[in-house]
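Notes for the one structure printed next.
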Amino acid sequence: MARGAARGFPRWVLPLGGTALLLLLVQAAAPAPSGAGCAQNTNTSCEECLKNVSCLWCNTNKACLDYPVRKILPPASLCKLSSARWGICWVNFEALIITMSVLGGSIILGIAVACCCCCCRRKRSRKPDKSDERAMREQEERRVRQEERRAEMKSRHDEIRRKYGLFKEKNPYEKFQNN
């Protein structure tokens, strides 16, 4: 667990998680807006209602309702998901949930694939695997055997040359200079 980070996690994960936790705490500590602002926009327009981010527009009965902050999704008794609007008037809550789920899943999948690729690359660069080590060992053994065979062949050839008087001298003209 070197360099202050948990083993297996990239360095950027801890600051990112801390930032997300801080943002959640700040949002939870924020005071809830009064409900009177949403109810007075009933029977107006979706745009007027959604100017207040704590409001939910129900398209079936043209009602501007307080968003149920204690629940993640508004209950069907309040408004059906297909006719509920929040944040943007032209996207219903159902489509918004599906889109956010797909985007969230894609991001999580992308991070998982990136982590797997990063881990595999790191593992591969640390040390060669057993098959690579075996291949390198076999190659070295072949090279050593080849050198031994070369040396053996050279000694045999030298013996044959000496036997028949064909042994090469360092300076072939040396025998003529002494006379």
Side-chain angles (χ1 to χ4, degrees), residues 1-140:
M1 294 197 198
R3 294 181 231 130
R7 185 173 195 167
F9 289 104
R11 290 183 188 180
W12 56 267
V13 170
L14 293 176
L16 183 65
T19 305
L21 183 62
L22 182 67
L23 287 174
L24 287 173
L25 289 174
V26 167
Q27 287 179 350
S34 64
C38 294
Q40 56 182 245
N41 285 328
T42 300
N43 291 327
T44 59
S45 69
C46 177
E47 289 80 18
E48 284 295 318
C49 175
L50 296 184
K51 283 182 182 177
N52 186 352
V53 292
S54 65
C55 295
L56 173 75
W57 178 258
C58 189
N59 228 10
T60 53
N61 56 1
K62 307 260 188 256
C64 189
L65 310 166
D66 288 326
Y67 190 88
V69 290
R70 298 279 178 227
K71 299 177 180 171
I72 295 175
L73 299 175
S77 61
L78 191 62
C79 188
K80 288 191 330 186
L81 288 179
S82 59
S83 63
R85 306 288 192 263
W86 181 73
I88 303 170
C89 289
W90 51 271
V91 177
N92 68 31
F93 213 92
E94 227 171 25
L96 185 66
I97 291 170
I98 292 170
T99 304
M100 296 301 273
S101 300
V102 168
L103 286 176
S106 299
I107 290 171
I108 290 171
L109 185 65
I111 289 172
V113 167
C115 288
C116 289
C117 289
C118 193
C119 290
C120 290
R121 189 177 314 131
R122 214 179 275 155
K123 183 178 179 183
R124 197 177 320 134
S125 67
R126 277 191 205 145
K127 61 179 182 178
D129 62 351
K130 293 180 182 181
S131 63
D132 289 342
E133 288 176 4
R134 191 180 72 216
M136 289 180 358
R137 191 171 46 245
E138 288 174 356
Q139 183 180 9
E140 182 64 23

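By convention here, the first residue in the shown sequence is residue 1.
- Of the inter-residue distances, the one linking Leu73 atom CG with Ile97 atom CD1 reads 4.5 Å to the nearest 0.5 angstrom.
- Between Val102 and Thr99, the closest side-chain pair of non-hydrogen atoms is not below 4.5 Å.
- Here the side chains of Cys79 and Pro74 are not in contact, with every heavy-atom distance at 4.5 Å or above.
- The stretch residues 42-52 participates, sequence neighbours left out, in these salt bridge (charged side-chain N to carboxylate O under 4.0 Å, His left out) pairs: Glu48-Lys51.
- Partners of Thr42 under the side chain to side chain contact (heavy atoms under 4.5 Å, CB included) rule, at least two apart in sequence or in another chain, are Ala63, Cys64.
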Test Phe93 against Leu56 for side-chain contact (heavy atoms from CB on, under 4.5 Å), laying out the working first. CA-CA 10 Å; Phe93 213 92; Leu56 173 75; 4.3 Å; yes
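- Rounding to the nearest 0.5 angstrom, the gap separating the CE atom in Met136 from the CD atom in Gln139 is 8.5 Å.
- A disulfide bridge does not connect Cys55 to Cys49: their SG atoms sit 2.5 Å or farther from one another.
- With rounding to the nearest 0.5 angstrom, the OG atom of Ser54 is 11.5 Å from the CG atom of Leu65.
- Cys46 contributes atom SG, which lies 10.0 Å from atom CD1 of Ile88 (distance to the nearest 0.5 angstrom).
- Taking CG of Asn52 as the reference point, atom SG of Cys38 lies at 4.5 Å (rounded to 0.5 Å).
- Distance OG/Ser83 to CH2/Trp57: 11.0 Å, rounded to 0.5 Å.
- For CD1 of Ile72, the number of neighbouring non-hydrogen atoms (other residues, nucleotides, ligands) closer than 6.0 Å is 12 at most.
- In this structure, the side chains of Val91 and Arg85 stay at 4.5 Å or more apart for every pair of heavy atoms.
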